[in-house]
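Here's the structure, in structure tokens; my notes come after.
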Protein chains: 2
Amino acid sequence: MSLHSGQENLSKQDVIAKLQTAGITPTQQRVTIGRLLFARPQHLSAEQVLGMVNQVGEARVSKATVYNTLNLFARRGLVREVIVDPTKVFYDSNTTVHHHLFNIDDGTLSDIKPGEVTVVGSPTLPEGTVVAGIDVVLRVHSKQASA
Amino acid sequence: MSLHSGQENLSKQDVIAKLQTAGITPTQQRVTIGRLLFARPQHLSAEQVLGMVNQVGEARVSKATVYNTLNLFARRGLVREVIVDPTKVFYDSNTTVHHHLFNIDDGTLSDIKPGEVTVVGSPTLPEGTVVAGIDVVLRVHSKQASA
DNA sequence: ATTGGTGCAAAGGATTTGCAGTCTA
DNA sequence: TAGACTGCAAATCCTTTGCACCAAT
């Protein structure tokens with residue numbers, strides 16, 4: 001990878017390498033989406049990705065390809081789907097174990113700092129199942145006069 | 001409430017009382033839905049509620065009314081919305097604090113027994129927000145040969 | 001040439017909404 | 001009767017799908 005593989009920006013090469021490592025053919029569209037997504041930890045909806053990608057203008061990417069790509073990245077573990085808003089899925093470029101804070105009022109999703117919240121206990125699983133992941137979501141309201 | 005307010009069945013009177021306590025006008029449709037929903041702890045989708053209601057046949061209930069009613073019940077705290085499946089919302093008639101187990105493969109939602117899992121810690125909240133609730137979702141796969 | 005990937009538009013499914021008719025208080 | 005509620009269908013919104021075209025081996 002390049003010399004500046006920090007969190008500010010990723011070179012095409014970095015993204016191509018990352019995709020190949022994950023067994024994904026690095027097409028132009030996927031690299032474009034990857035550069036945006038992997039630049040830093042963030043939570044984006046498909047719609048937001050579509051908007052950002054076509055603003056950067058590196059390559060025209062269709063809605064279908066955005067969805068296909070995000071699903072592919074999720075299956076391959078490059079992003080994590082976050083299901084907290086009944087109206088849309090968020091894709092989280094931070095794949096390390098961490099939990100979320102969702103503002104019900106404005107639809108904002110943010111991270112809970114690592115270590116601030118921990119899940120204790122090992123529940124009995126239904127027969128024939130294995131754990132795929134644990135999600136903790138703290139739902140918050142914007143403080144204001146309300147019913 | 002009636003003498004048999006256990007978990008097997010609820011009389012219309014019980015449900016009417018419950019709705020009124022929550023400040024909800026007990027219409028025929030709402031009572032019908034409530035009897036089904038509050039009969040025992042369960043997780044139902046709007047579609048399932050619609051199906052069950054019109055099978056019982058106490059009163060014809062339209063799809064729109066099922067949605068309106070479930071949203072109303074949720075706002076008034078009679079049921080809890082569970083957001084775990086990106087394709088639909090589950091309504092949980094158990095409003096006590098508890099967490100869930102979601103089978104990604106078959107879309108099944110079940111409860112984690114009380115006490116088996118606990119959340120520890122109090123994260124810093126964004127300014128101007130208050131906690132509305134905490135959800136813990138353990139996602140599981142059906143055990144089988146897979147990629 | 002073959003296989004995989006993309007774009008476009010149409011299809012799909014869950015949920016909401018508008019409005020006229022109906023019921024509750 | 002007045003206001004709230006319901007039903008029906010149309011409208012929305014997010015996401016998936018079908019198919020023809022383009023790209024890479």
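Letters A, B, ... mirror the listed sequences (proteins, then strands); counts begin at 1. Heavy atoms only: backbone and side chains are in, while hydrogens, waters and symmetry mates are out.
No side-chain donor-acceptor contact under 3.5 Å links Q29(B) to the backbone of S62(B). In this structure, E81(B) contributes its side chain and V89(B) its backbone to no donor-acceptor pair below 3.5 Å.
In terms of phosphate contacts, N71(B) brings a side-chain nitrogen or oxygen within less than 4.0 Å of OP1 or OP2 of dT16(C). The shortest distance between the side-chain N/O atoms of T65(A) and the OP1/OP2 oxygens of dT6(C) is not below 4.0 Å. In this structure, Y67(B) reaches the dT15(C) phosphate: one of its side-chain N or O atoms is under 4.0 Å from OP1 or OP2.
Around the NZ atom of K63(A), the shell of radius 6.0 Å holds no more than 12 heavy atoms that belong to other residues, nucleotides or ligands. In K88(B), the NZ atom is crowded: over 12 heavy atoms of neighbouring residues, nucleotides or ligands sit closer than 6.0 Å. Heavy-atom neighbours of Q20(B) CD from other residues, nucleotides or ligands within 6.0 Å: above the threshold of 12.
Among T108(B), D111(B), N94(B), the single residue meeting the side-chain hydrogen bond (donor to acceptor under 3.5 Å, both in side chains) criterion with H43(B) is D111(B).
Protein atom CG of L50(A) is 11 Å distant from nucleotide atom P of dC8(C), rounded to whole Å. Per the geometry, CG belonging to L72(B) stands 16 Å off C1' belonging to dT15(C), to the nearest Å. Separating the CD1 atom of I33(A) from the C1' atom of dG7(C) is a distance of 13 Å, rounded to the nearest angstrom. Rounding to whole angstrom units, NZ of residue K88(A) and C1' of dA14(C) are separated by 15 Å.
Scored by the salt bridge (Lys or Arg N to Asp or Glu O under 4.0 Å) test, K113(B) finds no partners at all (sequence neighbours excluded).
Annotation: ring pair (Phe, Tyr, Trp, His ring centres under 6.0 Å) contacts involving residues 62-96 of chain A, sequence neighbours excluded, comprise F38(A)-F73(A).
Taking every nucleotide of DNA chain D with any atom under 4.0 Å from a non-hydrogen atom of chain A, the first and last of them, 5' to 3', are dC14(D) to dT17(D).
Among all heavy-atom pairs drawn from Q48(B) and L44(B), the shortest one is OE1-CA, 3.3 Å. Of all heavy-atom pairs between V66(A) and A46(A), the closest is CG1-O, 3.7 Å.
Across all strands, S45(A) comes closer than 4.0 Å to no nucleic acid atom at all (heavy-atom distances).
Rounded to 10 degrees, the angle separating the terminal helix axes of the helix from dA1(C)-dT25(D) to dA25(C)-dT1(D), each built from five base pairs, is 20°.
Both Q29(A) and F90(B) lie close to DNA chain C; mapped to their nearest nucleotides by heavy-atom distance, the more 5′-ward contact belongs to Q29(A). Two residues, K63(B) and T69(A), neighbour DNA chain C, and the one matched to the more 5' nucleotide by heavy-atom proximity is T69(A).
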Please produce a list of atom pairs where a protein N or O lies less than 3.5 Å from an N or O of nucleotides 18-25 of chain C.
none

Side-chain donor-acceptor distances from residues 129-140 of chain A under 3.5 Å, at least two apart:
{"from": "T129(A)", "atom 1": "OG1", "to": "P126(A)", "atom 2": "O", "distance (Å)": "2.7"}
{"from": "D135(A)", "atom 1": "OD1", "to": "R80(A)", "atom 2": "NH1", "distance (Å)": "3.0"}
{"from": "D135(A)", "atom 1": "OD2", "to": "R139(B)", "atom 2": "NE", "distance (Å)": "2.7"}
{"from": "D135(A)", "atom 1": "OD2", "to": "R139(B)", "atom 2": "NH2", "distance (Å)": "3.4"}
{"from": "R139(A)", "atom 1": "NE", "to": "D135(B)", "atom 2": "OD2", "distance (Å)": "2.7"}
{"from": "R139(A)", "atom 1": "NH1", "to": "V84(A)", "atom 2": "O", "distance (Å)": "3.1"}
{"from": "R139(A)", "atom 1": "NH2", "to": "D135(B)", "atom 2": "OD2", "distance (Å)": "3.4"}

